[in-house]
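Residue numbers start from 1 in every chain, and the chains themselves are labelled A, B, ... in the order their sequence lines are given, proteins ahead of strands. None of the values given here were measured: they were computed from a predicted structure.
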Number of protein chains: 2
Amino acid sequence: MKRTVLLYGITGGLLIAGLKFIEYRFLVVEHSLEIYGGLVALVFSAVGLWLGRRLTRPAETGLAAVAGAAPASSGEPFVLDGARLQQLGITPREREILELIAAGLSNQEIADRLFVTQNTVKTHASRVFEKLNARRRTQAVRIAKAERLIP
Amino acid sequence: MKRTVLLYGITGGLLIAGLKFIEYRFLVVEHSLEIYGGLVALVFSAVGLWLGRRLTRPAETGLAAVAGAAPASSGEPFVLDGARLQQLGITPREREILELIAAGLSNQEIADRLFVTQNTVKTHASRVFEKLNARRRTQAVRIAKAERLIP
DNA sequence: CGCAAATTCGTTCTTTCGGGTGACGCGCAA
DNA sequence: TTGCGCGTCACCCGAAAGAACGAATTTGCG
């Protein structure tokens, strides 16, 4: 947010500078003020509109990419991408934790289910997040699904 | 919509007139042009931003229906279950938050993107969780996907 | 206009997450 | 035998998330 505002301000400054430049060069006429104001208003309206449109839309994050052939079947085959797993260096246990995370379980619940402590679950989770380049479990789930690591 | 545009035009005209008035009356100094331009830019960018947000939102208002044209075909059309939404009493805004949660964003990131505070996001999230009978966001995402409330 | 729903924002408090670090045991391969 | 990957566990700490209130404001609709 702060970054956004900052960028916005900078852009605004540049635009004003640009407009002033144009102003001084080509529009040195009697009613240049109106033209100037109109231009500024127009440009900034457009920028504001564009910005508003842009900021209110979710952007893709994570390692997306990965075109991959779609299964295109009605059901849900789900073939685990073992190669990708190896590429990312994700161990079976880590993948298991990932799956339970995707199931909406808390770390404690996962720990209970796998008969380990919460600490262990957290360790696995942290490693998976790192390997998936995710910062939150929701993000990790999203990426993992996209990468076909979990159903 | 029409009213909005009309109001926008009128407001713009009045603002320009007002600014010019102020300009001629109180800011007849050397660098008045910059001040004038800055004011116009500021006001119009704000209005533009507001307008942009406003115009991009109604893309999904209204009850049920929506469904919308199927985007590109990628084996997953996703038709939003408007009936289910109503059944659960989930509002458009709440569903929007749900979608961003599913995208792996944190509450703060969602807040920044929607130009609201984190408190608001948390409120919406809590309500959605309650309506979905979920305790964690990962769980909510899972349920929402199963119910076809989000892609 | 008035009502109900929706949206927004606030505060306080508890729980959960996530990062960081270090450590131990086991099995397997060099 | 030693090194390494894997799984396990512990502790601390800050940040995020969530519950549980209350409340102002906007908006859609009769």
Side-chain angles (χ1 to χ4, degrees), chain A residues 1 56 62 85-144, chain B residues 1 3-4 7 50 53-58 60-64 82 85-144:
Chain A
M1 185 55 172
T56 52
L85 271 181
Q86 272 196 319
Q87 271 181 30
L88 297 172
I90 296 178
T91 70
R93 195 58 156 174
E94 287 167 356
R95 204 196 67 86
E96 195 176 3
I97 266 78
L98 192 54
E99 225 176 89
L100 295 178
I101 285 178
L105 302 184
S106 71
N107 287 340
Q108 187 57 60
E109 288 168 342
I110 296 174
D112 291 344
R113 182 164 304 191
L114 299 183
F115 301 103
V116 295
T117 67
Q118 200 194 29
N119 291 314
T120 305
V121 174
K122 287 171 71 176
T123 301
H124 288 316
S126 281
R127 295 210 171 127
V128 167
F129 294 163
E130 189 183 356
K131 289 168 183 175
L132 287 182
N133 197 27
R135 296 188 170 279
R136 282 166 290 284
R137 41 178 58 210
T138 44
Q139 203 180 358
V141 168
R142 189 178 196 32
I143 296 173
Chain B
M1 174 63 171
R3 226 180 324 171
T4 305
L7 268 177
W50 171 77
R53 282 214 289 141
R54 187 140 255 279
L55 292 180
T56 52
R57 188 184 310 175
E60 276 181 337
T61 36
L63 60 146
L85 271 181
Q86 271 197 318
Q87 271 181 28
L88 297 171
I90 296 178
T91 69
R93 195 56 155 175
E94 288 167 353
R95 203 195 68 85
E96 195 177 3
I97 267 78
L98 193 54
E99 226 175 87
L100 295 178
I101 286 178
L105 301 184
S106 70
N107 287 339
Q108 187 56 61
E109 287 168 343
I110 296 174
D112 290 345
R113 184 163 300 192
L114 299 183
F115 301 101
V116 295
T117 65
Q118 201 194 27
N119 291 315
T120 304
V121 174
K122 286 169 80 172
T123 300
H124 288 315
S126 282
R127 289 180 196 275
V128 166
F129 294 163
E130 190 183 355
K131 289 168 183 175
L132 287 182
N133 198 27
R135 296 186 170 277
R136 281 166 291 283
R137 41 177 56 208
T138 44
Q139 204 179 357
V141 168
R142 191 176 221 335
I143 297 175

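To the nearest angstrom, P of C:dC17 lies 13 Å from CG of A:L100. A:L85 has its CG atom 12 Å from the P atom of D:dC6, to the nearest Å. Counting to the nearest Å, the P atom of C:dC17 and the CD atom of B:E109 are 18 Å from each other. To the nearest angstrom, C1' of D:dA10 lies 14 Å from CD of A:Q108. Counting to the nearest Å, the C1' atom of C:dT21 and the CD atom of A:E130 are 13 Å from each other. Residue B:Q139 contributes atom CD, which lies 11 Å from atom P of C:dC17 at whole-angstrom precision. Rounded to whole Å, atom P of C:dT16 lies 15 Å from atom CD1 of A:I101. Taking atom CD of residue B:Q86 and atom C1' of nucleotide C:dA6, one finds them 14 Å apart after rounding to whole Å.
Looking only at distances, a side-chain donor or acceptor of A:Q139 sits under 3.5 Å from a matching main-chain atom of A:R135.
Residues A:L105 and A:R127 both approach DNA chain C. Their nearest nucleotides, taken by heavy-atom distance, put A:L105 toward the 5′ side.
Looking at every heavy atom in both residues, B:L105 comes nearest to A:R136 through C-NE, 3.7 Å. Closest non-hydrogen pair, A:T138 versus B:I101, comes out as CB-O, 3.7 Å.
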Ignoring hydrogens and angles, write down the donor-acceptor pairs under 3.5 Å from the side chains of residues 119-129 of chain B, residues two or more places apart or on other chains.
{"residue": "B:T120", "atom": "OG1", "partner": "B:T117", "partner atom": "OG1", "Å": "3.2"}
{"residue": "B:T123", "atom": "OG1", "partner": "B:N119", "partner atom": "O", "Å": "2.9"}
{"residue": "B:S126", "atom": "OG", "partner": "B:K122", "partner atom": "O", "Å": "3.1"}

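The stretch residues 110-126 of chain A comes close to DNA chain C through A:K122, A:S126, each having a heavy atom under 4.0 Å from the strand.
Under the side chain to side chain donor-acceptor pair (under 3.5 Å) criterion, B:Q87 pairs with B:R84, not counting sequence neighbours.
Proximity of B:N107 to the phosphate of D:dA16: no side-chain N or O atom is located under 4.0 Å from OP1 or OP2. Regarding contacts with the backbone of C:dG18, a side-chain N or O of A:R137 is found under 4.0 angstrom from either OP1 or OP2. Taking only side-chain nitrogens and oxygens, A:R93 comes nearer than 4.0 Å to OP1 or OP2 of D:dT8.
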- Can B:R93 and B:E96 be said to form a side-chain contact (heavy atoms from CB on, under 4.5 Å), step by step? CA-CA 5 Å; B:R93 195 56 155 175; B:E96 195 177 3; 2.9 Å; yes
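A distance of 10.5 Å separates CG of A:L88 from CD of A:E94, quoted to the nearest 0.5 Å.
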